[in-house]
Amino acid sequence: MKAMVYRGPYKVRVEEKPDPRIEHPNDAIVRVELAAICGSDLHLYHGMIPDTRIGHTFGHEFIGRVEAVGSSVQTLQPGDRVMVPFNIFCGTCFFCARGLYSNCHNVNANATALGGIYGYSHTAGGFDGGQAELVRVPFADVGPTIIPEWMSDDDALMLTDAFTTGYFGAQLGDIAEGDTVVVFGAGPVGLAAARSSWLMGAGRVIVIDHLDYRLAKAREFAFAETHNFARHDDVVVLLKKLTGHLGADVAIDAVGAEADGHLTQHITSAKLKLQGGSPVALNWAIDSVRKGGNISVMGAYGPLFSAVKFGDALNKGLTLRMNQAPVKRQWPRLFEHIQAGRITPGDMITHRIPLDAIAEGYHMFSSKLDDCIKPVIVPGA
Amino acid sequence: MPYTPDKPITPPSADELRARIPGWGADLDPADRPSFPKECFDPGATGAHWTEPERQGDDPRRERSIEHAHLTAVYGTAQPLHGVSGAIRRYAYARYSEGRAAHWLLLVLGDRVEAFGAHVRSLFTLRPDNPITETGILAEPRLRPIASRRGRVDLRHAWIDPILVAGPWVLGGWIVVRMLRRVFVRR
C-alpha cells in the first residue's frame, strides 16, 4: 500500500509499505477514504516528540471503509463506513471503565502517562496512522462508529479529533452563563473551542492569534471577537483592558508546544528541544484569566518539563484542567448538535491534497501558507 | 472595575445571544456536557465484550516503559528497534522511568541518530533522500509565499531557524573533516 512516511525532521515522502495485518482478534483493517493533517502532527514533523521513528506513518484523524476484521469483532463487517476516534482504547481497563478513554492503560506499552494514538510515534504506542491507503484499527468493537447516513464525510472527519477536542476543551473550562472566554490560537481546535463555548452559554468569546486569515475564520465560523497579538505590545494588558481590568473568566490554550511570540521560548523548545513545548500561550492564559478563573489546556505538549508560570497560577487560585479528548464519549451529543444544525465542523476544512502530494501538504500547513487552516488528505485521489 | 463586587462588563442577555449564535446555550446545563462528571464508572458503555482483553502476545523484544507491570494487551508493531538508535532507545526504556529527563533526552538522541543513519543509508539505495521533494519546498511558488508571511510574529525568529536546523549538521561535518585530517596527517 501507499503511505506517508517520516524521513527525519521536516522530511516526509510517500512510500510503498506492506499492508497492515490483523495482529489481535479484535483488530480491523480500514481502507482510508479521508485523512487530515492535525496541528499536533507538526510536532512530530518538526522532530519534537521523542521516539518518532524513521518510516513512521502519521495520521490520527481519518474515516474509511472496513476491509477486514479479526475473529472476535462483532459490531463491524467488511464494507462498513466508519469514523475512528484518534484514541486507541480497550474499553475495560480502570480508566476506560470511568470514561477516560484517552488514558487507556492497555494500548501503549511505551508509556503510562499517555494512551495509544494512531500515527503518533512510539511514545504513543507505536501504531502506524491513517495518512495511508490502509490502517490497522485495534479494538474495532470499541473505537470506531459507523458513519450515520445523514452525516457528511467532512463533518465525520472533523469529529475524529479536531472539533471534538475543541468541544472537550470548552467543557474543561467549566463555562457558566455569561462568562467571558478567551481562546488562544485560531487553528482548528481553537475555532472549535470558541464555537463550542457559545453552546455552553458563554457571554463573550475572544480569540487571540497572529494570523489575520485565521482570525477572519474565527469571526465567521465561531462568531468570536478577535485580536491579533502581533499588533499589540502586551497581550495580557490588552485582555485586561478588554475585560474592565478583571481578566477573562475562562482561558483556553489551543496552541500547545509551538507557540510563537517569545524568541527565547521558541529557541529552547521548538529548536533545541529542551522544553516539552513553548509555554507562551499557556503563560498568557495564566496571566490574563481572572483570579479564581479556569484554564483549559487543549494544546499538545511534549513529555519534558516546560517553564510554566506555576506560581502565578497558585497565587491567583486558578483551576487548570487538561487532557487528550476522550473522543467517543463526546460523539452522541455532537451528533445531536450537527443534526440540529447548531454546528458544521466540516466548514473548517480549507485544502484537499492527494496522498502523493503529502510533502507539499505538510510544508504548506507547517509554514501556514495559502490561508491554510485544515488540510485533508484524499488517498484515492 | 474589579474593585467593586459586580463584573465590570455586563454580557448580552440570553435572548440576544440566542438570536445571534446558532445553538447558544444548548449545553448550558453541565449535565448536558458529555464529560461531566469527569469520571463516570460505566464499564458497559464502550461496546467491549471482555473484562480483560485478549493479549496480542508477549514479544520479549518489544520495548516497554518500566512503569508498566507487563507488555500491554495491545501494542503497536510499526517500527521495531534496530541498530545503534535501537540500542539507545532500549537503554532509555529499560533504565529510566518516564519521570526522568534522561529517558526523554535519550529518546530524542535516538531519533537524531536514526535520522542521520537513515539518511546515509538512503544514499546507497535507488531512492536516496531528496531534501527538495521531501521538504515540500517545491510548493512554495504556488502558495503565495510572501503574502502568506506578511505580518506574522514567526518572522522574528525566521533568521535563526536555518542556523539552528543546519548548524548541527555543519558542525558535525566540520568535526568529521577534522578527524579525518588528523588520521591522514598521522599517517
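The chains referred to below are lettered A, B, ... by the order of the sequence lines, with proteins before strands, and numbering in each begins at 1.
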B:Thr135 versus chain A, the contacting section by heavy-atom distance below 4.5 Å = both
Charged tip of B:Arg182 within 45° of B:Phe184 ring normal and under 6.0 Å | no
Residues B:Asp27 and B:Arg33 bridged, charged N to O under 4.0 Å | no
Electrostatic pair B:Arg149-B:Glu140, nearest N-O below 4.0 angstrom = yes
Would you check, one step at a time, whether the test side-chain contact (heavy atoms from CB on, under 4.5 Å) holds for B:Arg61 with B:Leu81?
-> CA-CA 8 Å; B:Arg61 295 162 301 176; B:Leu81 295 176; over 6 Å; no
By a 4.5 Å heavy-atom criterion (distance strictly below it), what part of A:Tyr101 contacts chain B: side chain, backbone, both, or neither?
-> side chain
Under 4.5 Å to a heavy atom of chain A? For B:Arg89 that would be side chain
With distance as the sole test, does A:Tyr213 use its side chain to make a donor-acceptor pair with the main-chain N or O of A:Cys372 at under 3.5 Å?
-> yes
Is B:Glu52 atom CD crowded by more than 12 heavy atoms from other residues, nucleotides or ligands, each under 6.0 Å away?
-> no
Best-contacting candidate, B:Arg112, B:Arg142, B:Arg156, against chain A by heavy atom pairs under 4.5 angstrom | B:Arg112
Please flag which part of A:Arg195 lies under 4.5 Å from any non-hydrogen atom of chain B: side chain, backbone, both or neither.
-> side chain
Name the region of B:Leu109, side chain, backbone, both or neither, that has any atom closer than 4.5 Å to a heavy atom of chain A.
-> neither
Most contacts with chain A, counted as non-hydrogen pairs under 4.5 angstrom, among B:Ala92, B:Ala78, B:Pro43, B:Ala139 | B:Ala78
Choice from B:His103, B:His68, B:His119, B:Arg64 maximising heavy atom contacts with chain A below 4.5 Å = B:His68
Of the backbone (N, CA, C, O) and the side chain (C-beta and beyond), which part of A:Asn110 lies under 4.5 Å from a heavy atom of chain B, both, or neither?
-> both
Given the options B:Ala26, B:Pro30, B:Ala14, which has more heavy-atom pairs under 4.5 Å with chain A than any of the others?
-> B:Ala26
What part of B:His49 gets closer than 4.5 Å to chain A, counting heavy atoms only: side chain, backbone, both or neither?
-> side chain
Polar side chain donor-acceptor pair, A:Thr264 to A:His262, under 3.5 angstrom | yes
Atom group of A:Thr112 that falls short of 4.5 Å from chain B, counting heavy atoms = both
Test the A:Arg204-A:Trp198 pair against the cation-pi criterion, namely NZ or CZ under 6.0 angstrom from the six-membered ring centroid and within 45° of the ring axis.
-> no
Of the backbone (N, CA, C, O) and the side chain (C-beta and beyond), which part of B:Glu114 lies under 4.5 Å from a heavy atom of chain A, both, or neither?
-> both
So which of B:Cys40, B:Pro11, B:Ala118 has the biggest tally of heavy-atom pairs under 4.5 Å with chain A?
-> B:Cys40
Taking C-beta and beyond as the side chain, do A:Ser197 and A:Gln171 meet within less than 4.5 Å on heavy atoms?
-> no
Could you tell me which portion of B:Tyr93 (side chain, backbone, both or neither) has an atom closer than 4.5 angstrom to a non-hydrogen atom of chain A?
-> side chain
Whatever's closer than 4.5 Å to a heavy atom in chain A on B:Ser85 counts as neither
Among the listed options A:His363, A:Arg13, A:Lys11, A:Glu360, the residue most often paired with chain B at heavy-atom distances under 4.5 Å = A:Arg13
Quick one: what part of B:Asp32 sits under 4.5 Å from any heavy atom of chain A, side chain, backbone, both or neither?
-> both
B:Val183 versus B:Met179: any side-chain heavy-atom pair under 4.5 Å?
-> no
Whether over 12 other heavy atoms sit under 6.0 Å from A:Tyr10 OH = yes
Is it the side chain or the backbone of B:Leu28 that comes within 4.5 Å of chain A heavy atoms, both, or neither?
-> both
Among B:Pro145, B:Ala115, B:Gly151, who wins on heavy-atom pairs under 4.5 Å with chain A?
-> B:Ala115
